[in-house]
Amino acid sequence: MPEADLRHRHVPVGSLQIHVAEAGPADGPPTILLHGFPECWFGWHRQIGPLAESGLRLVVPDQRGYGLSDRPRGIEAYHLDRLAGDVVALAEACGFRSFRLVGHDWGGLVAFWAASFFPDRVERLAILNAFHPGIFGPYLRRHPGQILRSAYAGAFQLPLLPERLLTARDGYGLREMMRLSSRPGTFTDVDLDRYAAEWRRPGAVTAMLDWYRALARLPRARQPPRIAAPTLILWGRRDPALQPGLAEASLGLCERGRIQWIPEATHWVQHEEAEAVNAALIDFLRR
């Protein structure tokens with residue numbers, strides 16, 4: 001879908017203004033797409049056209065702290081409960097009583113959390129290379145190899161230094177993180193320039209890193225409710241940061257779920273295997 005055909009606006013969500021891109025018919029099944037780190041709504045640009053053309057009504061936000069959305073200060077503003085609450089409040093502001101929910105990476109963590117705690121709102125749940133936060137601690141204790149893969153998240157806990165390293169030389173650190181963790185050619189220079197323009201916004205990278213800091217430091221429910229909504233987990237098996245076992249452990253918290261493995265994809269599955277991902281999402285979300 002040409003970007004000129006998208007509808008952009010800011011939606012009041014509590015005390016925040018959340019920027020969204022919208023597409024698809026007004027009477028289509030409401031569907032919210034949640035991006036991950038370090039992207040923004042543009043992370044779904046390969047999905048928006050096909051999903052909208054299938055008849056889904058799409059709302060694709062910049063989550064709090066990202067892009068053109070507001071950036072509250074302090075790690076407390078990025079507690080999972082607040083992030084999941086944003087999703088429900090956004091749906092209400094758009095007039096959705098219930099909705100389909102899709103999340104990648106950090107957007108997947110938020111989507112899992114929202115589906116656990118707002119079961120009457122989330123009709124169907126699709127997750128792309130992300131784990132349920134409720135299983136992560138126990139999984140790490142059983143699989144120390146994942147601790148090594150997650151070492152970058154520990155480095156993000158340091159004050160100020162990560163921001164400086166990631167944003168130096170026009171976001172060189174973030175650009176290389178995306179390049180090195182994906183298949184060659186997945187992200188063009190034009191794509192990365194677009195993301196870099198978002199990272200340069202005042203306070204943006206600190207807000208993005210505060211998601212990680214809040215997850216590590218702030219208490220949350222030890223035993224989140226099991227997810228009642230039908231759930232599809234799409235997982236690129238070549239993810240260098242997340243072991244496939246996280247998908248299987250997350251499935252254990254889903255009453256009605258399944259995993260669809262995508263063998264040759266990395267963490268950036270919706271970019272690398274867009275056609276397969278789009279087909280799977282349309283089949284699942286349109287039911």
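The figures here come from the full heavy-atom set of this structure, side chains too, leaving out hydrogens, waters and symmetry mates. The structure presented is a predicted model; accordingly, all values stated were derived computationally and were not measured.
A donor-acceptor contact closer than 3.5 angstrom links the side chains of Glu272 and Thr266. Side-chain polar atoms of Asp170 and Trp199 form no donor-acceptor pair below 3.5 angstrom.
Environment of OH in Tyr152: crowded, with over 12 heavy atoms of neighbouring residues, nucleotides or ligands closer than 6.0 Å. Annotation for Arg287: atom CZ counts as buried by contact number, over 12 foreign heavy atoms lying within 6.0 Å.
Side-chain atoms of Phe37 and Leu209, non-hydrogen and from C-beta on, do get closer than 4.5 Å to each other. For the pair Trp235 and Val269, the minimum side-chain heavy-atom distance is 4.5 Å or more.
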For ring pair (Phe, Tyr, Trp, His ring centres under 6.0 Å), just list the numbers for Tyr66 and Trp41, CA-CA rounded to whole Å, side-chain angles, deciding distance to a tenth of an Å, and then say yes or no.
-> CA-CA 9 Å; Tyr66 282 83; Trp41 74 267; over 10 Å; no
Begin from the C-alpha positions of Glu198 and Phe42 and carry the test side-chain contact (heavy atoms from CB on, under 4.5 Å) through to its verdict.
-> CA-CA 10 Å; Glu198 303 298 336; Phe42 184 71; over 6 Å; no
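If you chain together hydrophobic residues whose side chains sit under 4.5 Å apart, Leu251 and Leu140 fall into the same group.
Residue His271 is tested with Arg183, His104, Gln47, Glu39 for a side-chain hydrogen bond (donor to acceptor under 3.5 Å, both in side chains); the sole match is Glu39. When the options Glu163, Arg71, Arg73 are evaluated for a side chain to side chain contact (heavy atoms under 4.5 Å, CB included) with Thr206, the one that passes is Glu163.
Atom CG in Leu165 sits 10.5 Å away from atom CG in Leu174 (nearest 0.5 Å).
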